[in-house]
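We use all heavy atoms of the structure for the numbers below, so side chains are in, but hydrogens, waters and symmetry mates are not.
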Amino acid sequence: LPELSEKELGHPVDRNGVSVTYFPVEKQNGAIQSRALEKSLSKSLQGSDLLHISTIWQPLGIPIQKEAARLKIPVIQTLRGALGPYSLAKGWWKKIPYYYLRERPWLQKAAALHVTTVQEKEELKKLRIKSPCHLLANPIDLENLEINDIERQEWRQKYKINKETPLFLICGRQHHKKGLDLLPAVFKELKNLDWQLIMVGHDDDGSGQRFINRLKHHKLESRLIQLPSQPNRELASIYNAADLLLLPSRHENFGNVVIEAMACGCAVAISNRTGVGGDLLRAAPAEFGAVLPRQKTCWTHWLASWLQQPRRAGSDCAQWARENYGSAAIAEQAIAMYRQILEADHS
């Protein structure tokens with residue numbers, strides 16, 4: 001959140017043309033609680049036609065939905081993978097009872113549930129929630145992400161990477177969920193081939209360090225360039241410098257980094273538990289890369305084959321990413337979704 005003074009909290013401020021009100025929270029970590037927000041609900045929601053929230057596992061979501069119900073405002077709940085198998089398995093002993101006692105009754109009353117991929121929609125079927133499900137992809141800010149050969153050359157020169165060397169990229173937070181532990185054994189099998197690796201992002205739970213330790217064990221640390229999280233401007237150069245993004249996630253309800261990389265012409269190799277992978281297989285240009293099961297042999301064979309003839313995704317994939325996931329395209333789809341939900345609510 002932006003740094004705000006006490007006087008600014010609780011009052012509307014402009015954020016890129018949108019009126020946003022920030023409320024103080026009782027504590028900075030853990031479940032979000034804000035008595036100030038709860039007290040403001042009646043006034044804040046008054047006159048609204050539709051409430052769009054994403055509050056699964058946050059107790060604050062319950063009073064918000066109660067007030068919306070009192071005011072007869074239809075609610076759409078965005079799930080963001082919160083009810084996916086990976087999320088439910090973490091702390092299942094407390095999540096399952098909380099879900100049935102607190103979350104599910106309100107999900108059953110929702111005007112709509114918003115999912116970002118077909119994968120997420122299919123996962124939701126097991127929970128047998130009767131509320132209608134609407135598919136709307138994540139909007140990705142691609143304004144500064146495009147193919148740029150000059151940035152590619154300059155970034156590689158800066159880090160002393162030969163222009164012909166195939167360059168893998170791991171980008172984003174480093175966490176058990178991202179499945180990085182699959183890759184060191186794969187890289188070991190590719191040891192005699194020419195390649196280098198960039199790893200960009202923050203180590204959330206020690207997964208990043210364990211990954212690096214395994215590379216060192218296989219005497220591959222010289223192949224790695226490690227960088228902390230980068231601003232968007234620098235990410236554009238990194239996506240352009242790289243040839244193939246690697247995302248072997250155990251579960252990913254969408255996968256923003258996949259679209260960002262493709263917008264810069266970078267090919268992708270991702271697990272079949274990455275939500276956007278279904279979209280790639282159904283509709284993306286063939287040059288996008290691959291969607292692979294989380295098996296060492298599959299990744300080893302595919303990457304070995306790719307290294308024989310390294311190829312970026314190119315301009316067709318970049319255009320496809322922009323047309324299907326750019327902010328403007330998703331905004332139009334969101335408006336259509338809202339209209340559909342309101343018409344159904346009024347019928």
Side-chain angles (χ1 to χ4, degrees), residues 31-32 37 41 44-45 48-92 94-140 177 249-256 258-259 273-279 282-283 324-325 327 329-347:
I32 300 171
L37 189 151
L41 285 173
S44 297
L45 296 178
S48 299
D49 296 311
L50 178 68
L51 176 63
H52 191 165
I53 58 175
S54 182
T55 61
I56 302 294
W57 309 132
Q58 292 295 340
L60 184 61
I62 306 302
I64 293 174
Q65 291 171 90
K66 283 182 178 178
E67 184 61 22
R70 188 185 74 81
L71 296 172
K72 295 181 170 54
I73 300 171
V75 173
I76 176 170
Q77 178 80 263
T78 293
L79 302 178
R80 300 282 179 220
L83 298 180
Y86 185 91
S87 176
L88 286 173
K90 294 294 182 180
W92 63 269
K94 58 181 177 180
K95 280 186 174 178
I96 297 300
Y98 183 87
Y99 166 74
Y100 279 103
L101 291 173
R102 301 283 283 166
E103 297 287 7
R104 194 171 193 272
W106 288 103
L107 290 172
Q108 294 282 42
K109 298 174 185 177
L113 304 181
H114 165 214
V115 297
T116 58
T117 62
V118 172
Q119 172 183 291
E120 190 176 18
K121 185 175 182 180
E122 291 298 312
E123 291 169 352
L124 200 59
K125 287 181 179 179
K126 298 177 183 177
L127 298 177
R128 298 182 180 180
I129 301 171
K130 66 182 181 181
S131 301
C133 198
H134 288 255
L135 179 63
L136 179 72
N138 283 349
I140 312 295
K177 183 178 181 180
S249 287
R250 288 182 167 84
H251 187 269
E252 204 81 40
N253 75 294
F254 189 76
N256 287 14
V258 176
I259 301 304
R273 301 310 303 150
T274 302
V276 77
D279 294 0
R282 280 188 297 274
N324 287 278
Y325 302 100
S327 298
I330 299 302
E332 290 184 8
Q333 295 174 36
I335 291 170
M337 179 184 73
Y338 291 148
R339 285 175 176 161
Q340 183 180 353
I341 292 168
L342 287 171
E343 287 171 2
D345 185 71
H346 293 152
S347 62

> For the side chain of R104 and the backbone of L127, is there at least one donor-acceptor N/O pair under 3.5 Å apart?
Replying inline: yes
> Nearest heavy-atom pair of I129 and L107: which atoms, and what distance?
Replying inline: CG2-O, 3.8 Å
> What are the two closest heavy atoms between A137 and I330, and how far apart are they?
Replying inline: O-CG2, 3.4 Å
> Does the side chain of N253 pick up a donor-acceptor pair with the side chain of T116 at under 3.5 Å?
Replying inline: yes
> What is the distance from atom NZ of K126 to atom CG of L83, rounded to the nearest 0.5 Å?
Replying inline: 12.5 Å
> How far apart are the closest heavy atoms of L51 and I73, and which atoms are they?
Replying inline: N-CG2, 3.8 Å
> Are the side chains of P132 and L113 in touch, meaning some heavy atoms are under 4.5 Å apart?
Replying inline: no
> Is any side-chain heavy atom of H114 closer than 4.5 Å to a side-chain heavy atom of H52?
Replying inline: yes
> For the side chain of W106 and the backbone of Q65, is there at least one donor-acceptor N/O pair under 3.5 Å apart?
Replying inline: no
> In Å, rounded to the nearest 0.5 Å, how long is the span from CD1 of I335 to CD of Q340?
Replying inline: 14.0 Å
> With a 4.5 Å limit on heavy-atom distance, are the side chains of I140 and F254 in contact?
Replying inline: yes
> Backbone N or O of T78 within a donor-acceptor pair of the S54 side chain at under 3.5 Å?
Replying inline: yes
>> For K125, is there an ion pair with E120 - N to carboxylate O distance below 4.0 angstrom?
In response: no
> Just wondering, are more than 12 heavy atoms of other shown residues or ligands nearer than 6.0 Å to CZ in R282?
Replying inline: yes
> CD/Q119 to CG/L135 distance, rounded to the nearest 0.5 angstrom?
Replying inline: 12.0 Å
>> For the CG atom of L88 and the NZ atom of K90, what is their distance to the nearest 0.5 Å?
In response: 12.5 Å
>> If we count only N and O atoms by modelled type, under 3.5 Å, do the side chains of Q58 and T55 hold a donor and an acceptor together?
In response: no
>> Distance check, rounded to the nearest 0.5 Å: N256 atom CG versus N138 atom CG?
In response: 4.5 Å
>> Pair E123, R273 - check salt bridge (charged side-chain N to carboxylate O under 4.0 Å, His left out), show working.
In response: CA-CA 11 Å; E123 291 169 352; R273 301 310 303 150; 3.0 Å; yes
> Side chain of S249, backbone of T274: donor and acceptor closer than 3.5 Å?
Replying inline: no
>> If we ignore hydrogens and angles and just use 3.5 Å, is the side chain of K95 paired with the main-chain N or O of S87 as donor and acceptor?
In response: yes
> At their closest point, which heavy atom of C133 faces which heavy atom of L124, and how far apart are they?
Replying inline: SG-CD2, 3.9 Å
>> I'd like to know if the side chain of E67 and the backbone of I62 have a donor-acceptor N/O pair within less than 3.5 Å.
In response: no
>> With rounding to the nearest 0.5 angstrom, report the OH to CD1 distance, Y338 to I76.
In response: 6.0 Å
>> I need the minimum non-hydrogen distance between K109 and S131, along with the two atoms involved.
In response: N-OG, 4.1 Å
>> When you measure from the side chain of Q108 to the backbone of K130, do you find a donor-acceptor pair of N or O atoms at a distance under 3.5 Å?
In response: yes
> For W57 and A82, which heavy atoms make the closest approach, and how far apart are they?
Replying inline: NE1-O, 3.0 Å
>> Quick one, I56 with R80, criterion side-chain contact (heavy atoms from CB on, under 4.5 Å). Give me CA distance, side-chain angles, the key distance, then yes/no.
In response: CA-CA 9 Å; I56 302 294; R80 300 282 179 220; over 6 Å; no
> Short question: side chain of H251, backbone of G84 - any donor-acceptor pair under 3.5 Å?
Replying inline: no
